[in-house]
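Quick note on labels: first sequence line is chain A, next is B, and so on, each numbered from 1.
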Amino acid sequence: MKRSDLFLKTRKEVPSDEEAKNAQLLIRAGYIHKEMAGVYSYLPLGFKVLENIKQIVREEMDAIGGEEMLLSTLQHPHIWQSTDRWDDAKVDVWFKSALGEGSEVGFGWSHEEPMSRLMTQFVSSYKDLPVYAYQFQTKLRRELRSKSGLLRGREFIMKDLYSFSRNREEHDKFYALVEQAYHKVYDRMGIGSITYKTFASGGPFAKYSHEFQTISDIGEDTVYLDETKKLAVNQEVSADEVLQELGLERNGLVEKKAVEVGNIFTFGARYSEPLGLFYTDENGVQQPVFAGSYGIGISRLMGLLAEIKSDEHGLVWPAGLAPCKVYLASLGDEEEVRRQANDAYGYLTDKGVSVIYDDRDERPGEKFADADLLGIPYRLVISQKSLESGGFELKKRTSTEVTIVQKDGLSALLTKAGQA
RNA sequence: CGGGGUGUGGCGCAGUUGGCUAGCGCGCCGCGUUUGGGACGCGGAGGUCGAAGGUUCGAGUCCUUUCACCCCGACCA
């Protein structure tokens, strides 16, 4: 991508209506645009980051047998009435509208009901189970107060996976598998070491649900950590009996603020029964499908990563999430510099290394500042001065060290570095 | 939804006890000089001062209503 072709524009000043660091940085860097409170649009570079986050999640969900699909956003009241989750008195986050007189529709804020209902079409025998289906969906929720930039919006993107198993044993095995997959997801995003499996309130079919909480001061949740066991307990369930049951010592726990980046629930027959999701077992007996749901906040992760992976100069995307690998900046307008910059851009692009080529007629300081603000992992500079030093200057976003490299060495170096 | 705060060119802000063609910085356009950490000079464009109503000879400024946004709280992935 040539910078001169992008509609991207960065800002020096922070927007006055954003307090949260993640929103300030992402807006300054031109990754997102605020439409209204708690509602953001994703601009080309922000969209790439979002897609990169999704891709990591997608790979890990596919690896444990997930089948990706996409449910509708518009929801019919009927199926939600059958689980008593349509009434505003029961669920207060519904955005609702009407098709016509006396005919309501809702905008999906979660999808247990439609997914369960849909499965009645495909599940009738024990041979049809288990089923693991997931989607990336824009969820709409009428939050009374959205805040913290991308961390709590009225419109946000979530990965939600639903498992449909024959029985608890089969369910529990998959539940454990999801837990492992989630840890891989967070590891790959560079927040594995500060993300804890956390015990939270359960429901009729499980004593606890589990959250994945990433330690951060911007978090809304308070958790108690056992750092040696790599476990945490949400404050909401941190009674003495619970700690005892989990084998945790209260005085060994540390209180921290954390951001919920994922959760996994055991639902059992809670939605299957009212929605008519049954199967016939080996003995010819009808059984309710044993279900679970598993969420990861995709857009929330983007906000959290911006919050955590940043410094005083701007964003610092982990490899694999950045919108591209290299920020190539040409300095000055000498013929030779221009020629070699174009050459390197073509060369890297051909080798499959994603590049933003800053070909604008701007001063060096501005290009350096943009490379930093955008948080691109590598900065490659070509100028009269760098040519005199023997090639291109390569610098990592996370380091101040500059190395001189030749064009032919670039792609190998960048490919190797990207894998590390 | 309770408490606090803010709305003035695309962005960030100033605007005194009401007073004259509403300013400044950034950004934008043109010309020139510049070129290793967000340059400088000269000349430009761009505003129903959030909206509606009211008081007044006169309202960005005072009053009423309303909308939006931010922060704290309650609620929530």
Side-chain angles (χ1 to χ4, degrees), chain A residues 7 9-20 23-24 27-30 33-39 88 90-94 108-112 136-161 182 198 200-201 209-214 218-221 234 236 258-265 293-304 312-314 329-334 337-338 358 360-374 379 381-389 393 395 400 402:
Chain A
F7 71 76
K9 189 172 283 186
T10 59
R11 298 190 203 172
K12 271 185 283 194
E13 288 161 325
V14 300
S16 64
D17 62 349
E18 292 286 3
E19 191 83 5
Q24 291 184 343
I27 289 171
R28 282 189 55 213
H33 170 75
K34 183 180 197 166
E35 296 292 346
M36 62 180 99
V39 180
D88 289 336
K90 295 283 167 48
V91 173
D92 64 359
V93 296
W94 275 113
W109 57 277
S110 187
H111 290 263
E112 286 81 10
F136 295 98
Q137 249 263 0
T138 298
K139 306 292 185 186
L140 301 171
R141 296 190 186 181
R142 202 169 53 88
E143 292 287 346
L144 294 179
R145 184 185 159 213
S146 59
K147 59 174 177 176
S148 307
L150 291 186
L151 299 194
R152 177 159 301 282
R154 297 196 166 101
E155 176 175 328
F156 60 94
I157 298 165
M158 185 161 107
K159 182 281 303 180
D160 42 331
L161 183 147
Y182 273 32
T198 305
S201 54
S209 68
H210 299 282
E211 297 168 340
F212 291 81
Q213 295 275 4
T214 304
I218 200 180
E220 302 176 286
D221 289 345
N234 195 304
E236 66 189 24
V259 175
E260 185 181 349
V261 291
N263 54 28
I264 56 181
F265 290 100
S293 85
Y294 314 81
I296 289 182
I298 301 296
S299 48
R300 172 178 281 183
L301 271 170
M302 179 167 163
L304 177 65
E312 70 272 24
H313 298 297
S330 61
L331 308 184
D333 59 355
E334 292 86 356
V337 169
R338 201 49 89 178
D358 194 342
R360 299 172 304 165
D361 179 25
E362 297 293 347
R363 296 168 63 84
E366 195 155 340
K367 295 192 177 189
F368 295 153
D370 269 4
D372 287 346
L373 179 59
L374 293 177
R379 188 184 79 191
V381 170
I382 169 123
S383 67
Q384 199 63 50
K385 183 176 154 188
S386 80
L387 289 176
E388 284 161 14
S389 304
E393 291 166 10
K395 184 184 106 50
T400 52
V402 173

Please enumerate all residues that pass side-chain contact (heavy atoms from CB on, under 4.5 Å) together with Ala29(A), with sequence neighbours excluded. Tyr31(A), Leu315(A), Leu373(A), Leu374(A)
Hey, is the side chain of Arg363(A) poking within less than 4.0 Å of OP1 or OP2 on G38(B), counting only N and O atoms? no
Residue Arg28(A), side-chain atoms from C-beta onward, closest of C11(B), G38(B), G37(B): G38(B)
NZ of Lys12(A) versus P of C28(B): gap in Å, rounded? 9 Å
Quick one, Lys367(A) and Glu362(A) - any side-chain contact, counting heavy atoms below 4.5 Å? yes
Listed partners of Phe156(A) passing ring-ring contact (aromatic ring centres under 6.0 Å, His included), at least two apart: none
Is Ser110(A) touching bases, backbone alone, or none of the nucleic acid, heavy atoms closer than 4.0 Å? nothing
The side chain of Pro15(A) is closest to which nucleotide in this list: G12(B), G27(B), A77(B)? G12(B)
Any heavy-atom pair between the side chains of Leu331(A) and Ile382(A) that's under 4.5 Å? no
Can you list everything that forms a side-chain contact (heavy atoms from CB on, under 4.5 Å) with Ser16(A)? Sequence neighbours excluded, please. none
Identify whether any heavy atom of Val14(A) sits under 4.0 Å from a base atom; if not, whether one sits that close to sugar-phosphate; answer base, sugar-phosphate or nothing. sugar-phosphate
For Glu260(A), enumerate each residue passing the side-chain contact (heavy atoms from CB on, under 4.5 Å) test, keeping only those at least two apart in sequence or located in another chain. Glu211(A), Gln213(A), Asp221(A), Asn263(A), Arg300(A)
Which is true for Lys9(A) with a 4.0 Å heavy-atom rule: it touches a base, it touches only sugar-phosphate, or it touches nothing? sugar-phosphate
On a whole-Å scale, what distance lies between the C1' atoms belonging to A22(B) and A59(B)? 13 Å
Apply side-chain contact (heavy atoms from CB on, under 4.5 Å) to Ala369(A) and list each qualifying residue two or more places apart in sequence or on a separate chain. none
Look at the side chain of Leu144(A) and decide which nucleotide, out of G37(B), A74(B), G25(B), has an atom nearest to it. A74(B)
For C75(B) versus G60(B), give the span between their P atoms, rounded off to a whole number of Å. 45 Å
Would Phe156(A) count as stacked on A77(B) if the rule is ring centres under 5.5 Å and plane angle under 30°? yes
Closest listed nucleotide, where the reference is the side chain of Met158(A) and the choices are A77(B), U35(B), C11(B): A77(B)
Counting primed atoms, P, OP1 and OP2 as sugar-phosphate and everything else as base, the B/S/- map of nucleotides 66-72 of chain B against protein heavy atoms under 4.0 Å is ---SSSB
